[in-house]
Amino acid sequence: MKAFLLAGGQGTRLRPITDSVPKCLVPIRGRPLLDIWLDLCARSGITEILINLHAHSQTIEQYVRRTDSPVTVRLIHEARLLGSAGTLAANRAWIGADPTFWILYSDVLTNTNLRRMSEFHSAHGTLATLGLYQVPDPARCGVAVTDRNGVIIGFEEKPKTPRSNWAFSGLMVTGPELFDLIPPCIPADIAFHVLPRLLGKMRAFPIADYLLDIGTLPNYRKAQITWPGNGENPAAHRISSGEHI
């Protein structure tokens, strides 16, 4: 299975750290976040990932080239940020005829079982499955409302009056039908422009495992204390080569 690992943001909320370090390479207890993601993808049955780059792109390219990655990595540089949904649309051909693929936000730190979420998606047959987790501050997140069957019937990004405390985790499984729902505007955002069009067509997957958006300095500091690890074994990395790094 393939996955988009979205990493094109400027990381402004993590300054001054991201003045010199790309957000996807910030260390979590001494290990780059990207390494944690590569291992999680490999253990979850994801074999290929596409990473979009913008800020510090050369640093990330150099890092990936000298790292033994357990999955095949394709790097796409965006001279102009396309937005999370714009990146998907621009790389539609990469998915090809694959019936399902992942969308992952690279500033999320998690050890959740992605394989279990993928199996849940396949079993229910909706257009998309969103990982949701409970947060204490839903007004700062994309908030979902579900019916009694777990179908998402409401979604609002950063609502002034949240209708629930279940937030979009940045983990999503979907299929190629999603591309037809992405508007042509640039930048195009998944939470603002796409998810509201999917109401009634996506199902919630509640996440109780460790999950933290490390995109702010308080959460980044929290991760250094609370991250339990995910049982990864860096020594087990395989070397990937060829056109796709």
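Because only heavy atoms are used, hydrogens play no part in the values below, and waters and symmetry mates are left out as well, while side chains stay in. Owing to the predicted nature of the structure, the values given are computational and were not obtained by experimental measurement.
Ion pairing between a basic and an acidic side chain is recognised when a charged N comes within 4.0 Å of a carboxylate O; K222 and D213 show no such pairing.
Other residues, nucleotides and ligands place more than 12 heavy atoms under 6.0 Å from the CZ atom of R29.
Between atom CG of residue L178 and atom CG of residue L88 there is a gap of 6.5 Å, rounded to the nearest 0.5 Å. I60 CD1 to S106 OG: the interatomic distance, rounded to the nearest 0.5 Å, is 8.0 Å. To the nearest 0.5 Å, atoms OH (Y63) and SG (C24) are separated by 9.5 Å. How far CG of L82 is from CD1 of I186: 5.0 Å, rounded to the nearest 0.5 Å. Once rounded to the nearest 0.5 Å, the distance linking CD of E61 with CD of Q58 reads 6.5 Å. We find the CD1-CG distance between I153 and D147 to be 5.5 Å, quoted to the nearest 0.5 Å.
R92 places a side-chain heavy atom less than 4.5 Å from the side chain of D180. Side-chain contact between W227 and N111 is present, with heavy atoms from C-beta onward closer than 4.5 Å. The shortest distance between side-chain heavy atoms of W37 and V108 falls below 4.5 Å. Taking the side chain as every heavy atom from C-beta outward, W94 and I76 never approach each other to under 4.5 Å. Residues I46 and L114 meet the side-chain proximity criterion, which asks for heavy atoms closer than 4.5 Å. Contact check for S84 versus D189: side-chain heavy atoms found under the 4.5 Å cut-off. Considering only heavy atoms from C-beta on, P176 stays 4.5 Å or farther from D98 through its side chain. Residues L127 and T174 meet the side-chain proximity criterion, which asks for heavy atoms closer than 4.5 Å.
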Query raised in the report: Could you walk me through whether I190 and E157 pass the side chain to side chain contact (heavy atoms under 4.5 Å, CB included) check?
Result: CA-CA 10 Å; I190 291 172; E157 180 71 6; over 6 Å; no
Query raised in the report: side chain to side chain contact (heavy atoms under 4.5 Å, CB included) between T100 and M1: does it pass, once the steps are laid out?
Result: CA-CA 7 Å; T100 56; M1 187 179 287; 3.2 Å; yes
Report task. Check step by step if side chain to side chain contact (heavy atoms under 4.5 Å, CB included) holds for L34 and V64. Result -> CA-CA 9 Å; L34 181 57; V64 171; 4.0 Å; yes
Report task. Might you work through the side chain to side chain contact (heavy atoms under 4.5 Å, CB included) test for I152 and L199, ending with a clear yes or no? Result -> CA-CA 6 Å; I152 298 175; L199 299 183; 4.3 Å; yes
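L217 and Y105 fall within the same hydrophobic cluster, where Ile, Leu, Val, Met, Phe, Trp and Tyr residues are linked whenever their side-chain heavy atoms come under 4.5 Å apart, directly or through other members. A single hydrophobic cluster is seen to contain both L40 and Y133, as judged by linkage of ILVMFWY side chains at heavy-atom distances under 4.5 Å, directly or through other members. Clustering ILVMFWY residues whenever any of their side-chain heavy atoms sit less than 4.5 angstrom apart, transitively, puts L195 in a cluster other than the one holding V151. Under the 4.5 Å side-chain heavy-atom criterion for Ile, Leu, Val, Met, Phe, Trp and Tyr, V143 and M172 are members of distinct hydrophobic clusters. Hydrophobic clustering (side-chain heavy atoms under 4.5 Å, transitive across Ile, Leu, Val, Met, Phe, Trp, Tyr) groups I103 together with L75.
When all heavy atoms are compared, the tightest approach of A223 to Y210 is CA-OH, 3.7 Å. Across P70 and A42, no two heavy atoms sit closer than the pair CB-CB, 3.7 Å. Taking all atoms of both residues into account, the shortest heavy-atom contact from L104 to C41 is CD1-SG, 3.8 Å. Of all the heavy atoms in V173 and M117, the pair that sits closest is CG2-CE, 4.0 Å. A pairwise comparison of heavy atoms in A85 and I182 identifies O-CD1, 3.6 Å as the closest pair. The heavy-atom pair separating N52 from L5 by the smallest distance is OD1-O, 3.6 Å.
Of the possible donor and acceptor atoms, none in the side chain of Y220 sits under 3.5 Å from a partner among the backbone N and O of I28. Judged by distance alone, the side chain of S169 and the main-chain N or O of G131 form a donor-acceptor pair under 3.5 Å. R203 places a side-chain N or O within donor-acceptor distance of the main-chain N or O of N149, the cut-off being under 3.5 Å. At distances below 3.5 Å, not a single donor-acceptor pair connects side-chain atoms of N219 with backbone N or O atoms of G215. At least one donor-acceptor pair under 3.5 Å links the side chain of N113 to the backbone N or O of R116. Between the side chain of Q134 and the backbone N or O of W166, no donor-acceptor pair lies under 3.5 Å.
For H124, there are no side-chain hydrogen bond (donor to acceptor under 3.5 Å, both in side chains) partners at least two apart in sequence or on another chain. Judged as a side-chain hydrogen bond (donor to acceptor under 3.5 Å, both in side chains), and not counting sequence neighbours, T216 has no contacts. Partners of T129 according to the side-chain hydrogen bond (donor to acceptor under 3.5 Å, both in side chains) rule, which considers only residues two or more places apart in sequence or in another chain, are H121.
The aromatic rings of F101 and F4 sit perpendicular to each other, their planes meeting at more than 60°, with 30° as the lower class boundary.
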